[in-house]
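Take a look at the structure set out below.
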There are 2 protein chains.
Amino acid sequence: MSDLLERLRGRGWRMTAQRRVVAEVLDGEHVHLTADEVHSRAVDRLPEISRATVYNTLGEMVSLGEVVEVSTDRRAKRYDPNAHRPHHHLVCARCGAIRDVHPSGDPLADLPADERFGFTVSDVEVTYRGVCPSCAAAA
Amino acid sequence: MSDLLERLRGRGWRMTAQRRVVAEVLDGEHVHLTADEVHSRAVDRLPEISRATVYNTLGEMVSLGEVVEVSTDRRAKRYDPNAHRPHHHLVCARCGAIRDVHPSGDPLADLPADERFGFTVSDVEVTYRGVCPSCAAAA
DNA sequence: TCCTACGATGGACTTTGTCTAAGTCAAGTG
DNA sequence: CACTTGACTTAGACAAAGTCCATCGTAGGA
Ligand SMILES: [Mn+2]
Ligand SMILES: [Mn+2]
Ligand SMILES: [Zn+2]
Ligand SMILES: [Zn+2]
């Protein structure tokens with residue numbers, strides 16, 4: 001069953017075949033798919049679904065707070081259904097594998113007042129980079 | 001005098017008018033220009049310089065370790081001549097202003113072993129977001 | 001001064017994403 | 001159920017950022 005789909009029900013969200021398929025292919029743990037990856041998986045279930053609809057639907061899920069956008073590289077944005085547990089990301093520099101991580105401590109607290117330049121700082125995004133076990137083994 | 005240009009001399013770097021102009025317009029403190037911004041400033045001094053050359057030159061400066069790429073949003077990459085002092089970035093969510101910041105503590109140490117999934121973690125990138133003083137005043 | 005390998009150029013091409021006009025349909029009403 | 005309507009979907013044009021390539025030009029050494 002799609003947990004993401006369940007969360008999207010009962011929010012006045014008009015249900016369509018396209019939206020259901022997008023929610024289903026995006027569901028899971030450590031899932032960080034690009035819009036194109038979502039589209040190609042959606043096409044397997046609903047061949048006529050368009051790219052524009054995938055973009056629109058992902059954008060709405062983000063607006064609803066049920067999906068978060070992740071930008072770990074300079075390529076395509078990735079979409080993450082794990083929206084209710086704040087977390088950061090650990091990325092393999094070789095193969096691009098992405099894991100959700102929960103650092104101890106609050107990175108916001110590590111930014112001293114005299115390094116804030118008068119800004120009201122509200123958010124911080126952390127990306128760890130390294131080499132995953134299988135890439136290390138393959139070296 | 002261009003500090004960046006000085007650093008680039010004596011590295012076997014073939015000097016051309018184009019490379020000199022790119023190094024000069026990119027020099028300074030808290031400088032985070034896009035390739036297009038570098039190009040349009042370079043054109044003021046050397047009208048026939050091409051986009052491809054600006055991209056090539058910036059890419060080489062990055063390879064030499066004298067410039068770092070910064071990706072604070074999903075728009076264009078930004079180029080930062082402050083390559084010798086490791087730092088992170090504080091970005092205004094309204095106007096895009098970027099400041100170099102130096103958090104206390106090591107964010108790498110905040111990632112427990114049981115959150116590393118067997119990765120060899122070598123690097124971390126932190127982006128703080130907030131509202132700058134002049135945007136707050138304008139609100 | 002001459003050579004030549006390296007750098008510069010413009011344009012085609014790719015990737016990622018946005019926008020629009022026109023067609024389709026989910027769901028509330030009676 | 002049929003009707004209605006505004007929200008949703010679609011294909012394709014368009015745009016921004018960046019890469020690639022064939023060709024031309026030149027920095028700097030012989
Ligand atoms: Mn995630
Ligand atoms: Mn910087
Ligand atoms: Zn890997
Ligand atoms: Zn601002």
Side-chain angles (χ1 to χ4, degrees), chain A residues 5 8-26 32-64 66-80 96 98, chain B residues 5 8-26 32-64 66-80 96 98:
Chain A
L5 190 53
L8 287 164
R9 293 184 192 284
R11 277 186 178 260
W13 213 49
R14 188 163 160 179
M15 190 51 58
T16 67
Q18 292 85 350
R19 288 174 166 198
R20 189 174 356 259
V21 166
V22 169
E24 284 171 357
V25 303
L26 192 59
H32 306 92
L33 298 174
T34 66
D36 260 10
E37 287 166 349
V38 170
H39 181 244
S40 78
R41 292 174 193 212
V43 161
D44 294 340
R45 300 181 181 213
L46 190 65
E48 68 276 22
I49 191 172
S50 72
R51 283 191 337 120
T53 293
V54 170
Y55 276 105
N56 290 342
T57 303
L58 292 172
E60 272 191 73
M61 290 172 172
V62 170
S63 295
L64 288 170
E66 294 297 347
V67 165
V68 293
E69 286 180 357
V70 177
S71 300
T72 51
D73 60 38
R74 225 41 335 249
R75 312 282 314 261
K77 279 186 266 194
R78 293 180 173 276
Y79 294 87
D80 182 348
I98 302 175
Chain B
L5 190 54
L8 288 163
R9 292 183 193 284
R11 278 187 178 260
W13 213 50
R14 187 164 161 178
M15 190 51 58
T16 68
Q18 291 85 350
R19 288 175 167 200
R20 188 173 359 255
V21 166
V22 169
E24 285 171 356
V25 303
L26 191 59
H32 306 92
L33 298 174
T34 65
D36 261 11
E37 288 165 349
V38 170
H39 180 244
S40 78
R41 292 174 194 214
V43 161
D44 293 341
R45 299 180 182 214
L46 190 64
E48 69 276 22
I49 190 172
S50 72
R51 285 192 339 119
T53 293
V54 170
Y55 276 105
N56 289 342
T57 303
L58 291 172
E60 273 191 71
M61 290 172 173
V62 170
S63 296
L64 288 170
E66 294 298 344
V67 165
V68 293
E69 286 180 358
V70 176
S71 299
T72 51
D73 59 39
R74 306 86 204 160
R75 316 276 314 257
K77 279 187 265 195
R78 293 180 175 275
Y79 293 88
D80 183 347
I98 303 174

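Residue numbers begin at 1 in each chain, while the letters A, B, ... track the order of the sequences.
Closest approach of B:V54 and B:A35 over heavy atoms only: CG1-O, 3.7 Å. The two residues A:A23 and A:L8 have their closest heavy-atom pair at CB-CD1, 4.0 Å. Heavy-atom minimum distance, A:W13 versus A:T57: CH2-CG2, 4.0 Å. Of all heavy-atom pairs spanning B:R11 and B:L64, the tightest one is NH1-O, 3.6 Å.
Atom CE of B:M61 is separated from atom CG of B:N56 by 11.5 Å, given to the nearest 0.5 angstrom. The line from CG of B:L26 to CZ of B:R41 is 9.5 Å long, rounded to the nearest 0.5 Å. Interatomic distance, B:I98 CD1 to B:D80 CG, rounded to the nearest 0.5 Å: 8.5 Å. Atoms CD and CG, from A:E66 and A:L5 in turn, are 11.0 Å apart once rounded to the nearest 0.5 Å. Here the OG1 atom belonging to B:T16 is positioned 7.5 Å from the CD1 atom belonging to B:I49, to the nearest 0.5 angstrom. One distance of note links CD of B:E48 with CD of B:Q18; it measures 7.0 Å at 0.5 Å rounding.
With salt bridges taken as basic N to acidic carboxylate O contacts below 4.0 Å, one links B:R19 and B:E60. A salt bridge links A:R78 with A:E37: the distance from a Lys NZ or Arg NE/NH1/NH2 to an Asp or Glu carboxylate oxygen falls below 4.0 Å.
Taking every heavy atom of residues 35-46 of chain A and every atom of DNA chain C, no pair lies under 4.0 Å. Within residues 48-62 of chain B, the residues having any heavy atom under 4.0 Å from DNA chain C are, by residue number, B:E48, B:I49, B:S50, B:A52, B:T53, B:N56.
When side chains are defined from C-beta on, B:Y79 does not count as touching B:L33, because their heavy atoms never get closer than 4.5 Å.
Evaluation of the side chain to side chain donor-acceptor pair (under 3.5 Å) rule for B:S50 yields B:T53 as partners, not counting sequence neighbours.
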Once base and sugar-phosphate atoms are separated, protein heavy atoms under 4.0 Å mark nucleotides 24-30 of chain C, 5' to 3', with B, S and - as -BBS---
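Residues A:R74 and B:S71 bring a donor and an acceptor atom of their side chains to less than 3.5 Å of each other.
Protein chain A touches strand DNA chain D; the 5'-most and 3'-most nucleotides with an atom under 4.0 angstrom of its non-hydrogen atoms are D:dG6 to D:dA11.
For DNA chain C, the stems formed by at least three consecutive Watson-Crick or G-U pairs, with both atom-pair distances below 3.5 Å, span C:1-30 with D:1-30.
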